[in-house]
Amino acid sequence: MNSDLRELYQEVILDHSKAPRNFRFPEGANREAEGNNPLCGDNLTVKLILDGDTIVDIGFQGSGCAISQAAASTMTEMVKGMNVEDINKIFANYHDVVMGEGQIDEDLLGKLAVFAGVAEFPMRVKCATLAWHTMQHAIANDGEIVTTE
Amino acid sequence: MNSDLRELYQEVILDHSKAPRNFRFPEGANREAEGNNPLCGDNLTVKLILDGDTIVDIGFQGSGCAISQAAASTMTEMVKGMNVEDINKIFANYHDVVMGEGQIDEDLLGKLAVFAGVAEFPMRVKCATLAWHTMQHAIANDGEIVTTE
Amino acid sequence: MSDFDIEAIRAEFPALHQEVRGKKLVYLDSAATALKPKAVIEAVSQVYERDCGNIHRAVHLPSQRATQGYEGTRKQVQAFLGAEKSSEIIFTSGTTQSINMVAQCYGRPRLSAGDKVLITGLEHHSNIVPWQMVCEQTGAELVVAHIDDNGEVPLERIEQHLKAGGVRIVAFAHVSNALGSVLPAKEICALAKSHDAISVIDGAQAVPHMAPNVTDLGCDFYAFSGHKLYAPTGTGVLYGRFDVMNAMSPYQGGGDMIRSVTFEKTTYAELPNRLEAGTPNIAGVIGMGAALSYLQTLDWAAVQAHEEELFRYADEALREFKGLRRIGTAKHSMGVLSFFLDCAHPHDIGTIVDTEGVALRTGHHCAQPVMKAFGVPATARASLAFYNNRADIDALISSVRTVQEMFS
Amino acid sequence: MSDFDIEAIRAEFPALHQEVRGKKLVYLDSAATALKPKAVIEAVSQVYERDCGNIHRAVHLPSQRATQGYEGTRKQVQAFLGAEKSSEIIFTSGTTQSINMVAQCYGRPRLSAGDKVLITGLEHHSNIVPWQMVCEQTGAELVVAHIDDNGEVPLERIEQHLKAGGVRIVAFAHVSNALGSVLPAKEICALAKSHDAISVIDGAQAVPHMAPNVTDLGCDFYAFSGHKLYAPTGTGVLYGRFDVMNAMSPYQGGGDMIRSVTFEKTTYAELPNRLEAGTPNIAGVIGMGAALSYLQTLDWAAVQAHEEELFRYADEALREFKGLRRIGTAKHSMGVLSFFLDCAHPHDIGTIVDTEGVALRTGHHCAQPVMKAFGVPATARASLAFYNNRADIDALISSVRTVQEMFS
Ligand SMILES: Cc1ncc(COP(=O)(O)O)c(C=O)c1O
Ligand SMILES: Cc1ncc(COP(=O)(O)O)c(C=O)c1O
């Protein structure tokens, strides 16, 4: 099998895609947003509890490819308990990495480093970022449906 | 100068184009039609006196390229006094010749044989046939404006 | 298949002979856009290298050559479709524009509240949205003859709608791009006619596999895209029965579609010019002529036998594949094989097989209602052309196996 | 002209190196359609030989390459026009479609009786007829700022119409295709803006000679054709200022222009996709990108100096020609030299010079009102591009002399 492909579909990603974490809506969520990737039919809803600047709880539901499911799953694990400023820093680096436009900052990304393989597959960048964009809209509470088209 | 070109712009044609014959409308005309060639802006009106099957008099006015003017001029000279059936025979051969699809029948065409050179210039066929088509519509009295587009 | 030398045919298609990610390209996406034979590529180059001229308007030789090539293609398309007159052939930029033209120029001035436009449940967005737009503009209603579980459109469902009354236009795909189903076009046209509706056939997926005869089909309009017929992008055709199309208002205003223009009054040219405003895709259309000439050199009986055999081979291989669901199982199908894996999302399938050189299409195939009908977000779709062979299918199956291994 | 090696440039245009009727081609019809440099021809071939794929929808590599090429051209056009966002660039099939799109999608829903559309007296039919059509559809009135004897449109005539009130749209050519007049585009746009009208520029004859900056011009829409910009046929551009264009309804329905489709409700995609329904002219657009890349390799100051010098040379030669009347003598002119012989009809001129290898355009140039204004049925027109040289002009003059000898 192609080595780029092995990079893309790492164990962690396959595992998260098959058994996504936080695949549920937190009770008492006060923010939510919906995201679509019309190209491949990914769609998901993110709901979260924002307390001041901190995401106290977060979950998602929806369907999509392995990359988009794993991205949503790992994202929810990562950001739970974090404040928005730190989250934005992580996403900034994550975004650069999957776009192939920046180096991994291991301290920031931690487990998310497994998404580095996406950079070799430009058509899959949207899958890896859909959940993140959707979460940002939930935080901003702007009521927009995110679409990556 | 190119020999095809000399064939096209023969003395007879240049002469008729510079001094078109029957460039007037016959008094008491009972048939008329208008013809246009939008491609090059030729336009002319043919009026004639049809008595039974015979064209007793015919004339034209209008403006256009040398080929279209000469064609109209030689046509009016040729058909004056002829009956429609004979005219149709002449036009059939003339048409074939300028389209490059048939041999000249000298007996039919007479002086019109000078238009044989048109066959080498497909874009000019319409110029050579506009007056003839217009005359046919005048005879048919169908009130249509002829256009060669 | 004695008359059919697949290797000789493949040699004519340069794109087949490239490596993709280190593997030989296996092109199974011809329904999206077909590969082009050398003859087409060369015809396009020749226009740009030699027959540099706009058409219809100049007396110089390069322009005359371009005009002859362009109008020559019109005659070839007329022959290909079995149309009565060459003026029934309009060049467009593709199926999408062809259908929009009918909706706007035929439909918009004629439809009003109480009228209906009938389409089927398997249409491409290009044969849905233009009708939705004109219905919104006119107050007419869009009604749908839905598909059954095999992806067929039973004739009774069409008839039912027609019997209910008010249907003025019946628009349907000859062959479905998402399912491969072949619709009984001749029967549908006859039904439409007997209920005083005009028929519009979206032939985008039919023409790559057959030469439809519009006179025999009895349709009023037939639309297709050049780029799916082995011809250049940016080309398409609208056939319209003369009487019907001649009554249509112009689609766009501009050069070449007029008889005379003054600021006070403009009169329009005859068909086909009236519906072809502006400088068309001259090199593209001449390339389409080259594609039709190329197709004429083939033995079509042999080509069709080869395609059918290959389709059956692929269909059986996919059906035997455990954990794979074939979608679109109409009795009469061609060209397209859609499927779904239990273990993997179509988008992942697409990426993984691409790394093995296999070009598949994954997604909704611009047919979201079909996806909805089958309850899937997307499918993977292999589509065939006569230049495919068994090795292509074997590569497909092997690459799908890789996907499955990865996800289980 | 030290930086400008005309022979090196001519070597890049294969069509220049052919014989026509036994003579070397002298191409003076670039305003009808421009010749293509090798880089464009090769870019088109490469799409068909390698990057065989439809765009936007597939994950396989050929499709990705095609998508990157297509979207890359959008960014190049954005830079070429100085537009703020790449989503302000819509690919069309040509200027004609671009203008029709504005008339139908911006004009039609907004115009009504009492409103006016202002054009000028030197417009190409493509910038007349679409406005006549939308005026007929909406009850709006078409008004015209007429040309003077030199073929200029005095600003006061535009201002007069605007002051009279009711003008919602001002549409005008940047450069006239029949006369060569350059209009004061920036001033007209400012006038339009100050009277709350939107401005639409037909840039078909401007872009081959300059890179217009839409931000500097202050226009709302700018339209041009690829085939006149050394790019493939069947391509064009509509630039629209984001806020204005974003409020427009879609032009055509189909694939790629939707966000989601159900039979009950369809929602549309964002710009630019919303206005690009169906499979576009992928290879053509990628070829346009190659044309823009090629143009970038040239020293534009030198190119423009060369063009101006050549224009002056040709203009003087024609003016000195006895029995010849130059038509279109605006102070600021470029690219196009129209004329009329006392002794010969333009159609005869065209045929005769063609036999000497000189490709001229003769006719009304899709600008019948201009012909009427000058009281001629047609003109002969020589049009220039940067690959022309003095020898071309000398050949023109000598062939016109042949015409004159023949007819006197
Ligand atoms: C000034 C002008 N506008 C519009 C057009 C129409 O362009 P196209 O035929 O490429 O749509 C032309 C070219 O013919 C032109 O010269
Ligand atoms: C059945 C069908 N109809 C219409 C279309 C639209 O064709 P195009 O995008 O070439 O306009 C397609 C192809 O995408 C198709 O498969």
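Keep in mind that the numbers below use all heavy atoms, side chains included, and drop hydrogens, waters and symmetry copies. Letters A, B, ... are given to chains in the order of the sequence lines, protein chains preceding strands, and every chain is numbered from 1.
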Q | Heavy-atom pair with the smallest gap, counting every atom of C:Gly350 and D:Val59 | A | C-CG2, 3.2 Å

Q: Could you please spell out the steps behind the side-chain contact (heavy atoms from CB on, under 4.5 Å) verdict for D:Gln137 and C:Arg108?
A: CA-CA 12 Å; D:Gln137 286 154 353; C:Arg108 192 164 179 177; over 6 Å; no

**Q.** Engaged part of C:Cys366 at the chain D interface, taking heavy atoms whose separation is under 4.5 Å
**A.** side chain

Q) With respect to chain C, which residue among D:Gly284, D:Pro232, D:Gly363, D:Gly94 yields the maximal number of heavy-atom pairs within a distance under 4.5 Å? A) D:Pro232

Q. Checking C:Gln46 against chain D: side chain, backbone, both or neither under 4.5 Å from a heavy atom?
A. neither

**Q.** Heavy-atom proximity to chain C below 4.5 Å, by part of D:Gln64
**A.** side chain

Q: Under 4.5 Å heavy-atom distance to chain D, tell me which part of C:Leu25 shows up: side chain, backbone, both or neither.
A: side chain

Q: Measure D:Asn54 against the heavy atoms of chain C and call it side chain, backbone, both or neither at under 4.5 Å.
A: both

**Q.** Interface moiety of C:Asn281 toward chain D, non-hydrogen atoms closer than 4.5 Å
**A.** both

(Q) Out of D:Glu264, D:His227, D:Lys228, return the one with the most heavy atom pairs under 4.5 angstrom to chain C. (A) D:His227

Q | Pairs flagged by salt bridge (Lys or Arg N to Asp or Glu O under 4.0 Å) wherever residues 28-52 of chain D is involved - sequence neighbours left out | A | D:Asp29-D:Arg361, D:Asp29-D:Arg381, D:Asp51-D:Arg65

(Q) Counting heavy-atom pairs under 4.5 Å with chain D, which one of C:Thr235, C:Leu142, C:Thr279 comes out on top? (A) C:Thr279

**Q.** Within residues 117-124 of chain C, residues adjacent to chain D where the heavy-atom gap is under 4.5 Å
**A.** C:Ile119, C:Thr120, C:Gly121, C:His124

Q: Examine whether an atom of D:Pro280 lies under 4.5 Å from a heavy atom of chain C, and if so say whether it belongs to the side chain, the backbone or both; otherwise answer neither.
A: backbone

Q. D:Arg21, D:Gln104, D:Gln97: which one forms the most heavy-atom pairs within less than 4.5 Å of chain C?
A. D:Gln97

Q | Residue part contacting chain D, namely of C:Tyr251, when any heavy atom lies under 4.5 Å | A | both

Q | Region of D:Ser260 that comes under 4.5 Å of a non-hydrogen atom in chain C | A | both

Q | Which of C:Val261, C:Val40, C:Ile41, C:Thr95 touches chain D most, by non-hydrogen pairs under 4.5 Å | A | C:Val261

Q. So, for D:Ile258 and C:Gln368, which heavy atoms are closest and what is the spacing to 0.1 Å?
A. CD1-NE2, 4.0 Å

Q: Would you please classify the geometry between the C:His146 ring and the D:Phe263 ring as parallel, tilted or perpendicular, with 30° and 60° separating the classes?
A: perpendicular

(Q) Heavy-atom pairs under 4.5 Å with chain C - which of D:Gly253, D:Ser45, D:Gly234 has more of them than the others? (A) D:Gly253

Q: Give, as side chain, backbone, both or neither, the part of D:Glu136 having an atom under 4.5 angstrom from any heavy atom of chain C.
A: neither

**Q.** Residue pairs, two or more places apart or on separate chains, that pass salt bridge (Lys or Arg N to Asp or Glu O under 4.0 Å) and touch residues 275-287 of chain C
**A.** C:Arg74-C:Glu276

Q: Please state whether the side chain, the backbone, both or neither of C:Leu35 comes within less than 4.5 Å of a heavy atom of chain D.
A: side chain

Q. With a 4.5 angstrom heavy-atom cut-off, which part of D:Val144 approaches chain C: side chain, backbone, both or neither?
A. side chain

Q) Distance from D:Thr266 atom OG1 to C:His125 atom NE2, nearest 0.5 Å? A) 7.5 Å

Q. When you measure from the side chain of D:Gln252 to the backbone N and O of C:Ser126, does any donor-acceptor pair fall under 3.5 Å?
A. no

Q | Among D:Ala367, D:Pro62, D:Ala359, residue most engaged with chain C (heavy-atom pairs, under 4.5 Å) | A | D:Ala359

**Q.** Contact origin within C:Leu61 toward chain D - heavy atom pairs under 4.5 Å
**A.** both

Q. So, C:Thr96 side chain and D:Ala277 main chain: donor-acceptor pair closer than 3.5 Å or not?
A. no

Q) Which residues satisfy the side-chain hydrogen bond (donor to acceptor under 3.5 Å, both in side chains) test with D:Tyr268, sequence neighbours excluded? A) none

Q | Heavy-atom pairs under 4.5 Å with chain D, option from C:Ile128, C:Val129, C:Ile99, C:Val47 with the top count | A | C:Val129

Q | Polar side-chain atom of D:Tyr48 near backbone of C:Thr233 as donor-acceptor pair, under 3.5 Å | A | yes

(Q) Minimum heavy-atom separation for C:Lys372 and D:Thr262, please, with both atom names. (A) NZ-CG2, 4.4 Å

